Structure formats: C-alpha cells, structure tokens
Amino acid sequence: SNFVQRSTIDIPSSLWSQLLCRMSNHNSINGKPLSTSLAILLVILLLQNRSAYSFTARGTLNNIEKFRYTPCKRVNTPNCKTLRNSHSIQRDSGIEKIDHAERQVVVVVVGGGVGGFACASRIAYSCKQSQANTKVLVLEKNSKEMVGGRCGSFYRDVEGLGIFRHERGPSLLLLKDVYLALFSDCDKRAADYGLEFKQCTPAYQVVFEDGDTIKLGFPSNLKGDLNIEEAEQRSRDKMNSYEKNGAAKWDEYMQSTEAFLNCGLPNFIEEKLDLAFFPTFLIESMKDGMKSWPLKPHSEVLDSLFDSTKMKTLASFQDLYVGLEPYANNGEIGGGVMKKTAPAVFGLLAAIELHPTNEKSGVFAPIGGFQAVSRAFEELATDCGVEVMYNRSVTNISNKGVWFQDEDGVSNFIAADLVVCNADLPFATETLMDSNQHNSENLQNPRYDWDDNYQFSSGVIAFHWSINKCCNSLETHNVFLIAEDRNKAESSWNTIRYNDPNVSSLNDEFNFYVHRASKTDQSAAPDECDSIMVLVPCCTLQRDKDLSNLQRDISISGYKKQLNDEFVSEVRTRVLDRLAILDGLKDLKDHIVDEVVETPAQYADYYNLAAGTPFALSHGFGQLSITRPGHQSKHLDNVLFVGASTKPGNGVPLVLIGAKQVANKAIEKLKTRIQ
C-alpha cells in the first residue's frame with residue numbers, strides 16, 4: 001500500500017518492451033526466470049494502480065481526508081477577464097466537492113462521441129452536486145443526426161418497403177453493466193432514457209469456407225429452454241467432431257480465459273487494485289507446464305490445447321476487434337506480441353462474449369440500435385447541465401482554449417480552463433495541437449493528418465445492405481472464417497500482419513463479420529426484410545505527407561483514391577460468394593434494394609479517425625496498459641484525452657471506463673486550476 005501511494009516511477013518504453021518480451025518467451029518460464037516474470041507482473045500491477053490511495057482485501061478505495069488548495073493565477077487571453085478566486089474542496093462521504101466559484105469555470109469537450117458525452121456528464125454532475133459555477137460544453141463537428149460518432153445508426157428509406165436501420169460502427173454490446181453505471185453514477189436510471197438490452201442467443205454463428213457452421217454462446221441462465229439446450233448440445237457435438245474431447249477442451253479454455261477476465265478487467269483496465277482473483281489467475285496461467293501463460297502469442301497457447309484448426313479458429317477470432325492477429329510472427333521479437341500478434345491474455349475477449357456463467361459475460365443488442373444508446377448518452381449529458389453544440393469543427397486546441405469553425409464557416413475562439421479531447425488521439429496531436437499551426441491560416445481552417453508513429457488496427461470495408469427478404473440462415477452475429485488448414489488460416493490474417501496493399505491482396509482468402517440486426521430487433525427493417533452489415537478487414541490509409549498541410553477536403557479526396565472501386569467491387573463479389581453457401585442466400589445479390597459502402601477514407605471524413613481505422617490504435621504490448629497513450633497531454637497541461645486510442649483501449653465499454661477515469665482526473669484538475 002505504501003509503495004502504491006508513493007510510486008511515481010515511469011518505466012521507459014524500451015525497458016517495458018524488454019520486460020514484456022522476456023515474460024512472453026515461453027522458453028524462460030522455468031526456475032528463476034519464472035519468479036522474475038511474476039515479480040515484474042506484480043510491479044506492473046502496482047504501477048498500473050499507483051493512483052489508489054489505499055486498499056482493503058477486496059481493493060476498495062478509501063480516502064476521506066480533507067484538504068485545501070490555493071489556485072494559481074490566470075494568464076490574460078483575448079476576450080477573457082483575469083479573475084482570481086479562492087476556493088476550497090472537501091470530501092463528504094468520499095464524494096469530492098468544489099465549493100461555489102465566484103465566476104464560471106469553463107470545460108470544453110472536443111467531440112461528441114460516447115467518450116465525450118460520458119466524460120462531460122460525469123464532470124457536470126460532480127460540479128452540480130458541489131454547486132460549482134461550471135459550464136461544460138461539447139463541440140461536435142457533425143450534425144445532431146450523427147450523435148455519438150461511430151457509435152450510432154443511420155436510416156435508409158426504400159420506396160415501397162419502408163425504413164431500414166444500419167449501424168455506423170459497433171453492432172454488439174458487451175459488458176452492459178459499464179453502460180448502466182454511467183447513469184447510476186449520475187443518479188439516473190438507464191431505463192428512464194429508453195435503453196433496453198436484449199441478449200443474443202446464440203452469441204455467434206461461425207461459418208467456415210467449406211459450409212460447415214457452428215453456433216457459440218449459450219448463457220446458463222437460459223437453461224430450461226429446450227430449444228436452446230438442444231442447440232447447445234449440437235454445438236458441443238460439433239466440437240467433438242472436430243477433434244477428440246473438443247467440447248471438454250473448450251470448457252478448459254473458457255475456464256482459463258475467465259481467470260484472465262476476472263483479474264484483468266479490474267486491475268489492468270479499470271485500474272482498481274483488486275487481488276481477489278489474482279491467485280486464480282496465477283493458477284490458470286501456470287498449470288500444466290505454463291501452457292496458458294497469458295503473455296505468450298495466442299496461437300502458442302491454442303496449439304498446446306487444441307489439435308484442429310477449426311477449434312483454434314473458434315477460440316481466437318475476437319483478436320480482430322483489438323487490431324491483432326492470433327498467430328505468432330517468427331520474424332518479430334517475442335513472436336510479434338509487441339506489435340501485431342495478440343498475447344494469449346486476449347482470450348478474455350472470448351470469455352466476455354461466450355462464457356456461459358460469468359456475470360460479466362454475454363452479447364447483447366440495444367433495442368433501437370446504437371443510435372438509441374448515443375441519444376440516451378446525449379440526453380443524460382443535457383440533463384446533467386451539459387451544453388452541446390453541433391456542426392462545430394474544432395481547428396486548434398491550446399492551453400488558452402479552443403478554436404472552432406461554426407456551421408457558417410466562421411472561426412471562433414472559446415477560452416477554457418480545461419479541455420477534454422474526444423477526437424482520435426493520433427489525429428488530434430498532429431492536427432489540432434501541432435505547434436506549427438500557430439500564427440498561420442491553419443489555426444482557423446480544418447485539416448486532416450495524423451501521427452503515424454503508432455501501430456494501428458486494420459481498416460474496414462463496410463457494406464450496408466437493405467434486403468427485400470429475410471435471411472433466416474443468419475444469426476444476429478456471424479463470422480465467416482478460414483480454417484481449411486494452418487497455412488490458409490494464418491494467411492487469412494495477412495491484412496492485419498502486414499497492413500501493406502502490396503502484400504495484403506485478394507490472393508488470400510479473408511475472414512469477415514456479418515450483422516443481421518433484425519434477427520434480434522425487428523425494428524431494424526420492414527416486415528419480411530432484413531438489414532445486413534458486412535465488415536471486411538482491409539489496409540488502413542497510408543499517410544501521405546504531401547496531403548498533410550492541404551485543406552481538409554482536398555486531403556480527404558486524395559486519401560479516397562488509395563482504395564479503388566475495382567478492389568471494393570471484387571471484395572463485394574467474394575463476400576456474396578461466401579454467403580451463398582448458406583441456405584436461401586444463393587441469390588442474395590438480387591435482393592439488395594439499397595447499398596451504402598464505407599471505406600477507411602469515409603471513416604476519416606466522418607470522424608477524423610487516424611489512418612481511417614474505426615478500431616483505433618492496436619493493442620500489442622507496445623500500446624497496452626501503461627504503454628498505451630495516457631489521458632494527460634504531454635505538451636498541454638490543461639488537456640486530457642478520452643477515446644479509443646488512449647487508455648484503456650477501444651470498444652465502447654473500454655471507452656466508457658476510460659471516460660470515468662478521465663472525469664476523475666478532470667475533477668482533480670479543477671480543484672487546483674480554477675483561475
């Protein structure tokens with residue numbers, strides 16, 4: 001506890017890389033190297049949670065000390081008055097309060113994504129409870145119809161049929177309690193904002209290239225439903241047909257991944273020191289000669305447990321969601337875990353989605369689509385006192401405030417005491433905070449560029465199809481995987497491994513995901529129709545320095561040329577051919593009555609995403625936990641980052657967890673920075 005309180009150690013990334021490579025090397029887990037690795041793991045755990053004040057046996061934070069602070073002086077800025085006030089901050093039953101300020105303190109949130117709204121709501125609620133005179137303002141570049149950024153939906157009105165709803169980004173809802181916590185922490189109920197979640201059973205259907213299908217994800221709380229029990233038994237029988245004792249091996253895999261989930265979620269994602277599950281985590285990691293050691297490449301753990309390529313593929317397709325491949329890359333240090341290869345700990349993703357009994361597990365669908373989620377977040381924010389301004393494109397962030405263009409193209413400046421940046425971090429640091437912008441026309445004009453010194457997840461080609469018939473052979477969530485043999489299975493991930501248009505080509509078979517929204521939520525499509533979304537991994541945008549200083553529209557037009565129409569058309573054809581293997585889908589292309597196609601350049605245009613990837617930075621060890629970009633800006637003391645490219649990572653639940661962490665940091669800053 002004392003070490004946690006006093007630690008201010010910052011591990012250099014080079015040393016961190018060496019430590020993690022040592023820990024991921026399965027050849028050094030016997031004798032002293034193992035004890036060294038465990039010691040390192042414990043130190044990382046403490047450093048990850050060094051902001052904790054103290055902890056009980058269950059890791060509950062406890063600090064009720066009272067304190068005061070003295071504010072600093074404010075530097076004069078144009079159109080701003082110099083104000084000096086004295087304030088006191090107290091803790092009452094663990095709730096921090098900021099006493100009423102004599103002037104209004106301004107917090108600007110750049111970007112109305114889920115991270116921006118969640119963070120704004122928490123800050124505004126805390127200040128409201130403390131009766132602090134605070135204004136929290138969200139500036140969003142898009143219109144109100146695109147509320148929530150890529151966590152939202154869009155609609156297509158097809159003549160003679162009706163309205164089809166399609167998802168802009170996420171299509172499955174995980175860790176639902178994280179969503180609900182945002183509302184309860186603001187003394188609200190999610191149900192009062194129209195949020196309704198329905199569990200998807202089965203969670204997935206997997207379709208292999210030979211036409212073989214298997215369904216996964218049957219929660220135990222639905223035991224007693226004869227249809228579900230029979231479907232689960234068919235799934236287990238199918239696993240046993242892939243290899244001897246396949247279902248029992250799957251159960252063993254679920255057991256180890258559950259241990260990773262129970263220990264990893266609180267300690268390394270939520271940053272709440274909780275040692276209750278640490279013994280189980282160690283037992284699962286070290287049993288049977290360390291075959292499940294979580295820092296090895298994922299494929300090495302799967303090779304030690306399963307024999308068939310199909311079983312290994314079933315256990316690892318979720319790695320795509322964090323921008324990684326499951327297979328060890330022998331050409332990289334540590335098998336590639338520092339960059340593009342998933343360490344085995346990411347098996348916790350399978351536990352989150354597919355574990356039958358864990359209370360955190362399950363795949364859900366928000367009724368009304370993710371647009372309903374984002375609208376609920378927006379409404380919560382406004383109820384907490386947040387002001388939201390749409391069609392406001394931020395062009396520069398400084399320690400003094402924020403420049404933005406309004407809907408008429410007029411440049412404006414708003415002074416801010418604190419800025420929370422929900423724009424994608426590699427884009428924001430290069431484009432919105434570039435010191436070269438000062439005293440130039442770029443200060444007041446939008447640009448598009450990004451810092452390409454990071455490792456990115458894959459790009460995506462998204463096909464949104466409105467279908468004039470029901471696709472009954474599809475479940476809500478479907479993944480089409482390659483598993484004929486090891487070489488073909490590994491090649492199907494080449495887009496992730498190389499991110500090079502010259503290497504990642506259509507010469508290789510590829511994996512893809514299909515969402516059938518109306519299977520779970522009939523409001524997604526008219527009667528006897530379906531809304532289908534297909535996501536195919538592709539290369540990200542390749543940064544072109546010649547486009548970096550041009551006007552934004554010109555830059556985006558240049559990037560749209562990187563993925564030609566012929567390539568997209570060929571991908572579409574290949575997808576339809578793979579879908580045709582299922583009953584009733586052979587003539588699917590004849591039933592597409594409306595189509596919207598999105599590519600990395602479109603994602604860049606809509607949301608200012610670096611490299612055009614909707615999955616943000618990847619999660620190799622070089623960008624994971626304490627090595628992932630932090631919330632605090634390195635150069636601007638009054639700027640904090642929230643979103644998928646900062647801690648703890650991508651995906652809506654992790655962004656919401658990060659938003660809570662950022663809100664807490666923001667409140668701490670407001671205590672000491674009210675001018």
Side-chain angles (χ1 to χ4, degrees), residues 20-30 33-34 37 206 208-210 212 214 216 238-261 281 283-322 324-351 353-355 479 481-494 496-497 508-509 511 619-621:
L20 286 174
C21 286
R22 179 185 180 90
M23 295 170 70
S24 64
N25 186 348
H26 69 282
N27 293 321
S28 63
I29 57 176
N30 297 312
L34 170 59
S37 295
V206 176
F208 295 107
E209 71 271 43
D210 61 2
D212 183 26
I214 182 172
L216 303 173
K238 185 67 70 74
M239 290 179 181
N240 289 331
S241 72
Y242 294 155
E243 62 181 79
K244 184 178 180 180
N245 299 322
K249 293 177 181 179
W250 180 262
D251 294 340
E252 182 181 353
Y253 182 65
M254 284 291 103
Q255 180 176 315
S256 64
T257 58
E258 182 185 31
F260 299 164
L261 170 62
F281 169 78
I283 291 171
E284 288 296 326
S285 300
M286 295 187 293
K287 71 179 185 181
D288 297 335
M290 310 288 289
K291 72 177 183 181
S292 296
W293 185 243
L295 304 182
K296 293 193 291 188
H298 202 173
S299 60
E300 292 189 11
V301 170
L302 299 178
D303 288 342
S304 68
L305 182 59
F306 299 111
D307 297 320
S308 70
T309 303
K310 285 187 175 180
M311 288 300 296
K312 296 171 187 177
T313 304
L314 291 178
S316 58
F317 66 83
Q318 290 93 349
D319 292 342
L320 174 64
Y321 304 156
V322 289
L324 303 173
E325 64 161 320
Y327 295 100
N329 184 346
N330 294 326
E332 295 285 346
I333 297 174
V337 294
M338 293 303 302
K339 293 184 177 180
K340 290 291 189 177
T341 296
V345 70
F346 278 116
L348 64 83
L349 296 173
E353 293 186 338
L354 304 175
H355 197 282
V479 285
L481 303 176
I482 301 299
E484 181 179 344
D485 57 49
R486 176 60 173 259
N487 288 335
K488 290 185 177 180
E490 192 165 343
S491 295
S492 69
W493 292 81
N494 276 349
I496 302 291
R497 175 173 291 191
D508 300 314
E509 294 291 342
N511 308 307
H619 292 71
F621 275 143

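Everything numeric here is computed off the predicted structure, so don't read it as measured data. The first residue of the sequence shown is numbered 1, and numbering continues consecutively from there.
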Does any N or O in the side chain of [X] come within less than 3.5 Å of the main-chain N or O of [Y], such that one atom is a donor and the other an acceptor?
X	Y	value
S241	K238	yes
D485	K488	yes
Y253	A315	yes

For Q255, what residues pass the side-chain contact (heavy atoms from CB on, under 4.5 Å) criterion, not counting sequence neighbours?
E284, K287
For the [atom1] atom of [X] and the [atom2] atom of [Y], what is their distance to the nearest 0.5 Å?
X	Y	atom1	atom2	result
Y242	F208	OH	CZ	4.5 Å
M338	F621	CE	CZ	8.0 Å
I482	N487	CD1	CG	13.0 Å
F260	L349	CZ	CG	12.0 Å
T309	L302	OG1	CG	11.0 Å
K244	S308	NZ	OG	14.5 Å

Can you name the nearest heavy-atom pair linking L324 to I496, along with the distance?
C-CG2, 3.6 Å
Can you tell me which residue pairs pass the side-chain hydrogen bond (donor to acceptor under 3.5 Å, both in side chains) test with a partner in residues 310-320, sequence neighbours excluded?
D210-K310, D212-K310, H298-D319, D303-K312, Q318-E353
Kindly state each residue pair satisfying side-chain hydrogen bond (donor to acceptor under 3.5 Å, both in side chains) with at least one member in residues 325-342, sequence neighbours excluded.
E325-R497
Taking 4.0 angstrom as the limit, do K249 and E243 come out as a salt bridge?
yes
